[in-house]
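In what follows, a single structure is set out as structure tokens and then discussed.
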Amino acid sequence: MAPYLHLIAKKLSREIDQEEELSLQEWREAAPEHELLFHRMREVWHKARYEPSIRGQEQVFEKIATQLGITQEKPVPITSNQTSGFGNYWARVAAVLLLAVSATLVWVWYSRQQLPKQAAEEPQVIMLSKSNPRGQKSLITLPDGSQVKLNAESYLEYPQVFDRTRQVKLVGEAFFEVVRDTLHPFVVSAGDVQVRVLGTSFNVQAFPFEENMSVAVATGAVMVKKKSNTRTCQVSELHPREMLKVNHKTGAFEESSFDPDELLAWKEGVLVFHQASFEQIIHKLERWYGVDFIIRRNQPVRDGFTARYDNPSLKVVLEGMSYSSDFSYTIEGDTVIIE
């Protein structure tokens with residue numbers, strides 16, 4: 001993975017050539033964790049919230065790299081005159097390299113923690129996976145006939161044949177329509193949260209690095225369980241039109257009702273915004289259309305945008321937003337520039 005950290009930095013700074021672009025694209029498509037890592041780096045890069053002046057940067061990098069088993073040249077030292085606004089390319093490369101390895105450590109830890117025990121104890125179990133890049137959705141039929149609508153930038157792992165427990169692992173967002181089987185519960189593992197059902201339909205949103213995850217029930221009932229470091233569990237039972245938000249930082253459970261026509265519209269290709277902030281909108285559009293946004297305007301874009309689009313083009317959405325929120329835009333390939 002190490003050679004691609006440099007390519008990602010060049011991509012984000014728009015200094016990548018065509019050959020490097022192809023190599024990076026192949027790497028991104030090779031594994032779901034590569035694609036998720038790329039998006040995490042892009043988020044931090046464009047928001048410019050990462051401060052590249054780090055004490056003991058080389059020591060931190062070496063420690064993380066050793067834990068991951070990565071051999072990589074040390075990042076370029078960042079001096080005090082290079083810390084203003086990512087003004088120097090190599091300063092940005094150094095910052096992103098450190099960030100990337102840190103994010104990778106999070107991913108590796110997350111993946112190892114969530115491997116089904118059955119797979120670890122019984123190596124003969126064959127695991128299958130499906131991942132979607134940004135801008136792509138898919139429909140998956142599981143071994144028991146259950147249907148999964150997998151959203152963009154999402155990953156699903158499941159056994160080729162279900163055993164006593166029908167267990168799958170989700171990173172991202174998916175809508176499940178589970179075939180009822182009272183003898184074989186269906187379990188969705190999303191980080192340290194498990195959703196357990198017998199037969200029902202529900203939505204799980206659990207994108208990595210986001211502060212909250214959510215479970216929303218369309219039909220039937222589900223049991224949501226979250227483990228804690230103290231070996232205790234929080235449990236919540238949900239019924240139709242009930243939703244649970246789980247805060248990863250505090251562990252807090254927040255139950256509420258929801259409008260299925262709004263929350264579940266994505267699986268039908270309907271894009272819905274309700275009093276959304278500009279940051280929420282940009283994040284959703286990047287995932288939906290597979291584009292990157294660059295914000296060049298000095299004044300913030302007004303929040304509180306509400307709209308509903310049925311299988312819209314990106315241009316149609318941006319036209320509506322720009323009219324109501326008073327900004328101009330340019331689409332250049334897979335990049336949208338807001339001015």
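All residue numbers in this chain count up from 1 along the given sequence.
- The backbone N or O of His184 sits less than 3.5 Å from a side-chain atom of Arg166, completing a donor-acceptor pair.
- Residues Ser201 and Glu177 bring no donor and acceptor atom of their side chains to less than 3.5 Å of each other.
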Practice item. Would you check, one step at a time, whether the test side-chain hydrogen bond (donor to acceptor under 3.5 Å, both in side chains) holds for Thr306 with Gln275? Key: CA-CA 5 Å; Thr306 298; Gln275 293 296 309; 3.2 Å; yes
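- Side-chain atoms of Asp303 come within 3.5 Å of backbone atoms of Phe278 as a donor-acceptor pair (strictly under, hydrogens ignored).
- Separating the CD atom in Glu153 from the CD atom in Glu286 is a distance of 9.0 Å, to the nearest 0.5 Å.
- For Ser214 (side chain) and Lys245 (main-chain N/O), no donor-acceptor pair under 3.5 Å exists by modelled atom type.
- For the pair Leu271 and Leu285, the minimum side-chain heavy-atom distance is below 4.5 Å.
- Under the 3.5 Å distance criterion, the side-chain polar atoms of Glu20 are matched with a main-chain donor or acceptor of Asp17.
- Taking the ring centre of Phe273 as origin, the terminal cationic atom of Lys284 falls inside the region bounded by 6.0 Å and 45° from the ring axis.
- Side chains of Thr141 and Gln147: a donor-acceptor N/O pair is present below 3.5 angstrom, by distance only.
- Contact detail for Leu198 and Pro185: the closest heavy-atom pair is CD2-CA, 4.1 Å.
- Minimum heavy-atom separation, Gln299 to Arg297: O-NE, 2.7 Å.
- Judged purely by atom type and a 3.5 angstrom limit, Lys149 uses its side chain to pair as donor or acceptor with the backbone of Lys267.
- Ser322 and Phe327 get closest at one heavy-atom pair: CB-O, 3.0 Å.
- Under the 3.5 Å distance criterion, with hydrogens and angles disregarded, a donor-acceptor pair is assigned to the side chains of Asn247 and Thr250.
- Atom CZ of residue Phe258 and atom CG of residue Leu238 lie 9.0 Å apart, to the nearest 0.5 angstrom.
- Looking at Tyr329 and Glu319, their side chains come closer than 4.5 Å, going by heavy atoms from C-beta outward.
- Residues meeting the side chain to side chain donor-acceptor pair (under 3.5 Å) test with Ser138, sequence neighbours left out: Asn132.
- Below 30°, between 30° and 60°, or above 60°: for Tyr309 and Phe305 the angle between ring planes is below 30°, a parallel geometry.
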